[in-house]
Visitor: 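This is the structure I have questions about; it appears just below.
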Protein chains: 2
Amino acid sequence: MKDKTGVPRRSRQATADRGVSIRAVAAHAQVSIATVSRVVNGLANMATPETAARVRAAIAELGYRPSSAGRSLRQRESRLVAVIAANLANPAMTAIAASVEVALRSRGLVLALCDSHDQPELQDEYLLEMRAHLVRATVLLGAVASPKLVAMIEAGEPLLFVNRRCPCDDDQPFIGIDNRRAGQDAAEFLLAKGICDVAVAHGHLASSATLDRIAGIGEAFAAAGAPVPPERFLTTQGAEHLEIGYRAADHLLSAGKPPAGLICASDMIAFGAHRRLVEAGLAPQAMPQFLGFDDNPLNPWVAPWLSSVRIPYQAYGDAVVRMIDAGGPRRIILEHQIVDRSPH
Amino acid sequence: MKDKTGVPRRSRQATADRGVSIRAVAAHAQVSIATVSRVVNGLANMATPETAARVRAAIAELGYRPSSAGRSLRQRESRLVAVIAANLANPAMTAIAASVEVALRSRGLVLALCDSHDQPELQDEYLLEMRAHLVRATVLLGAVASPKLVAMIEAGEPLLFVNRRCPCDDDQPFIGIDNRRAGQDAAEFLLAKGICDVAVAHGHLASSATLDRIAGIGEAFAAAGAPVPPERFLTTQGAEHLEIGYRAADHLLSAGKPPAGLICASDMIAFGAHRRLVEAGLAPQAMPQFLGFDDNPLNPWVAPWLSSVRIPYQAYGDAVVRMIDAGGPRRIILEHQIVDRSPH
DNA sequence: TAAGTCAACGAAAACGTTTACGTGACGGCA
DNA sequence: TGCCGTCACGTAAACGTTTTCGTTGACTTA
């Protein structure tokens, strides 16, 4: 019996487990609504074992699931956790988002994903929208300074800053690596190979992550008695990372022989720079020693020339839920690690 | 005045725009709750211009935003749209997710992102969870057959299948490219270059996308009088795409001279295969002509050797909202396009 | 002027939960 | 026996909306 009629299919209600409310369960189990609620929420000591069993049987039989809307309305808090990413085109951000998703699921929470495209207005819009959804917490994955951000902070909204620290209040909860330390390690990695002649390609300095990394790099080289001259720090305003790298390499080529080492503040920048040098027909032995940040999972496959500071993105999800649950540690610093892919 | 006390910060309620309900707006504008609701929802003809203006002023002043929970509860439908992806580690899936996110935002909808990890149980869990959230629609990004999936279909839940068609009911709404046609185009791309000696590396055949692609490839080569022998279709059960490609190339190497053309059902497979051939020290002129599917945005940067069938992932978001809104077209087929990166 | 139409708005119910409070039964203790 | 405490459970209010229905007043029309 096919339905060729124009009626929307939703109205069919075939399985009948659509729209089973707590009331139906209560009726079926011959108890009150309140009792069902108590059983569902595990207030176990509030019900006789037999009653609980009867309720659970009714729940299973009817295929009941508590309505998210009813819950959120009552307890003024949903099971949603918002992640506002600065740029989902960046594989590192999606990697973190994926990791957060897994961790949230194991806690019975749900991920609402937003892309602010690094624009303050969009970030503000999302902050408000997510609060209207009564999200349990808002994770800012690369936050940018914006009016509503400071308002939310002042209002005591539960915010969580990942990768980039909060641009307005350094005391806000943060999850990430020690970027200054990572910068130092990167520098020492090259120094240990006897490489002092380096350039650094990086993105815009509004990001605390970038800022800390190049600070660490500068310090380590200076401490080794081989300070990097300011003109060796290369960036391009308003460009995406691939493009930044490409132009940085272009600049290096036009300035003469490329340096012996090239530190890129992200793997994407390294991809761009490497591409330019290959296009220029640079001989393999003239190719600088590359060092990136992130360690994209694709690196072993498509960029075996790229050593990189591996950031444990898979661990970010757990850190996020730990912070949400405890509310406790205001700061979780995860361990980075240099992956050496240089020709020994 | 610092707060060194142990009180949770949420209780501060500094800006006072926290918890402004429609009631507060009504009181402030000296109208009834109903009128505010009408103005908010644009039932404009139901209110005097002056009243509407007064209400809007109150809304702006108090910073009111309708509570998502209240709304969902009342109209039995939230502004959430679920995307259940088979595998967020796959850049193609995250690209689609990002595209969907942008399109949803412009419609005032919010993306709830899930990763089923290609497991039927997890997919089922998410299907139920998302229905409990009263999602407006559920987008299955690479669906797998599962018990609850057929139950939801029978119940008439609004489902949307992207990339892979529904494994149980071919009539379910679908968004994607014409994969059979794309397979044919891929074959003809190589044939036009005089390449008949090819191998095909692909993932598991539960996916209608993969199935259609290799069917198209087979047909086109057969029609050209150069059928591809069955042993030239290579896969590895249960492995991820990169690994599948690597092992396929490994197999080809052990079977003698690699073919002149290598079609990979995804760019990731191509990355893996290419890596193996490079490791084997294959001379550049002996390298097969590669053809992948997806056309990863990174290709021009890290895989300039890879021609690919470009799938318009940026267009998927619009297609999704069109389908959600209209409920109309049951099928949107988007146009693919071959990107030729072969040495002229 | 009386009746009828219609726009503008308010009152109230309903959506599905959680939870404070009340109630009856039962057992221990003086 | 009378009193109190505890346990298991029910009653009902509240959360913030949307929407149906009813009411009011102004305006048109006969």
Side-chain angles (χ1 to χ4, degrees), chain A residues 17-56 58-59 62-80 108 128-129 131-136, chain B residues 17-56 58-59 62-80 108 128-129 131-136:
Chain A
D17 66 348
R18 159 135 213 104
V20 283
S21 69
I22 200 175
R23 194 189 333 260
V25 177
H28 197 268
Q30 316 239 52
V31 295
S32 79
I33 293 183
T35 303
V36 177
S37 175
R38 281 188 282 254
V39 170
V40 167
N41 295 16
L43 283 334
N45 53 342
M46 285 300 176
T48 291
E50 302 88 71
T51 332
R54 220 167 58 235
V55 169
R56 270 187 271 269
I59 289 176
L62 299 180
Y64 165 73
R65 236 173 202 243
S67 147
S68 159
R71 276 197 167 162
S72 314
L73 185 57
R74 170 62 214 230
Q75 33 196 43
R76 319 172 83 71
E77 180 170 72
S78 77
R79 284 173 141 78
L80 249 43
L128 295 176
E129 175 72 13
R131 188 179 56 177
H133 279 266
L134 300 173
V135 291
R136 192 153 300 195
Chain B
D17 66 348
R18 159 135 214 104
V20 283
S21 70
I22 199 175
R23 193 186 334 258
V25 177
H28 197 268
Q30 314 240 52
V31 295
S32 78
I33 293 183
T35 302
V36 176
S37 176
R38 281 188 282 255
V39 170
V40 167
N41 293 21
L43 281 338
N45 54 343
M46 285 301 177
T48 289
E50 301 87 73
T51 335
R54 220 168 59 234
V55 170
R56 269 188 273 271
I59 289 176
L62 299 180
Y64 165 73
R65 241 179 194 234
S67 145
S68 159
R71 277 196 165 160
S72 316
L73 185 57
R74 169 62 213 229
Q75 34 194 44
R76 320 170 81 74
E77 182 171 70
S78 76
R79 282 172 140 78
L80 250 44
L128 294 175
E129 176 72 13
R131 188 178 58 177
H133 279 264
L134 300 173
V135 291
R136 191 155 300 194

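Every chain is numbered from 1 and lettered A, B, ... according to where its sequence line falls, protein lines coming before strand lines.
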Visitor: Does B:Thr51 place a side-chain N or O at less than 4.0 Å from the phosphate oxygens OP1/OP2 of C:dC9?
Guide: yes

Visitor: Side chain of B:Arg71: nearest nucleotide among D:dC9, C:dC9, D:dT17?
Guide: D:dT17

Visitor: If you round to the nearest 0.5 Å, how far is CZ of A:Arg136 from OG of A:Ser78?
Guide: 7.0 Å

Visitor: Could you state the OH-P distance from B:Tyr64 to D:dG16, rounded to the nearest angstrom?
Guide: 10 Å

Visitor: Could you give the CD-to-C1' distance, from A:Gln75 to D:dG16, as a whole number of Å?
Guide: 15 Å

Visitor: Give a yes/no answer on whether the side chain of A:Ser37 brings an N or O atom under 4.0 Å of OP1 or OP2 in C:dT19.
Guide: no

Visitor: Among D:dG10, D:dC15, C:dT17, which nucleotide has an atom closest to any side-chain atom of A:Leu73?
Guide: D:dC15

Visitor: Measure across A:Val55 and A:Ala29 and return the closest heavy-atom pair with its distance rounded to 0.1 Å.
Guide: CA-CB, 4.0 Å

Visitor: Can you measure A:His133 atom NE2 to D:dG16 atom C1' for me and round it to whole angstrom units?
Guide: 14 Å

Visitor: To the nearest 0.5 Å, how far apart are OG in B:Ser37 and CD1 in B:Ile22?
Guide: 4.5 Å

Visitor: For A:Glu77 and C:dT17, give me the distance from atom CD to atom C1', rounded to whole Å.
Guide: 15 Å

Visitor: Using a 4.5 Å cut-off on heavy atoms from C-beta on, say whether the side chain of B:Val39 contacts that of B:Arg54.
Guide: no

Visitor: Closest to the A:Arg23 side chain: C:dC15, D:dT11, D:dT17?
Guide: C:dC15

Visitor: Please classify the nucleic acid contact of B:Ala69 as base, sugar-phosphate, or nothing, using heavy-atom distances under 4.0 Å.
Guide: nothing

Visitor: Quick check on DNA chain C: between A:Ile33 and B:Val31, whose nearest nucleotide comes earlier from the 5' end?
Guide: B:Val31

Visitor: With rounding to the nearest 0.5 Å, note down the distance linking CG in A:Leu62 to NE2 in A:His28.
Guide: 5.0 Å

Visitor: Measure the distance from CD on A:Gln30 to P on D:dC9 and round it to the nearest whole Å.
Guide: 13 Å

Visitor: Would you mind reading off the distance between B:Leu134 atom CG and D:dT17 atom C1', rounded to a whole angstrom?
Guide: 14 Å

Visitor: With a 4.0 Å limit, can you tell me whether B:Arg76 has a side-chain N or O closer than that to the phosphate oxygens OP1/OP2 of C:dG16?
Guide: yes

Visitor: Test for a donor-acceptor pair under 3.5 Å between the base of C:dG10 and the side chain of B:Arg38, counting only N and O atoms.
Guide: yes

Visitor: Measure CD1/B:Ile22 against C1'/C:dC9 and give the value in whole Å, please.
Guide: 14 Å

Visitor: To the nearest Å, how far apart are A:Arg54 CZ and D:dC9 C1'?
Guide: 11 Å

Visitor: Quick one: is D:dC9 close enough that its OP1 or OP2 comes under 4.0 Å of any side-chain N or O from A:Thr48?
Guide: yes

Visitor: Taking only the side-chain heavy atoms of B:Ala47 (C-beta and beyond), determine which of C:dC9, C:dT19, C:dT17 contains the nearest atom.
Guide: C:dC9

Visitor: Between A:Ser67 and B:Thr35, which is nearer to the 5' end of DNA chain C once each is assigned its nearest nucleotide?
Guide: B:Thr35

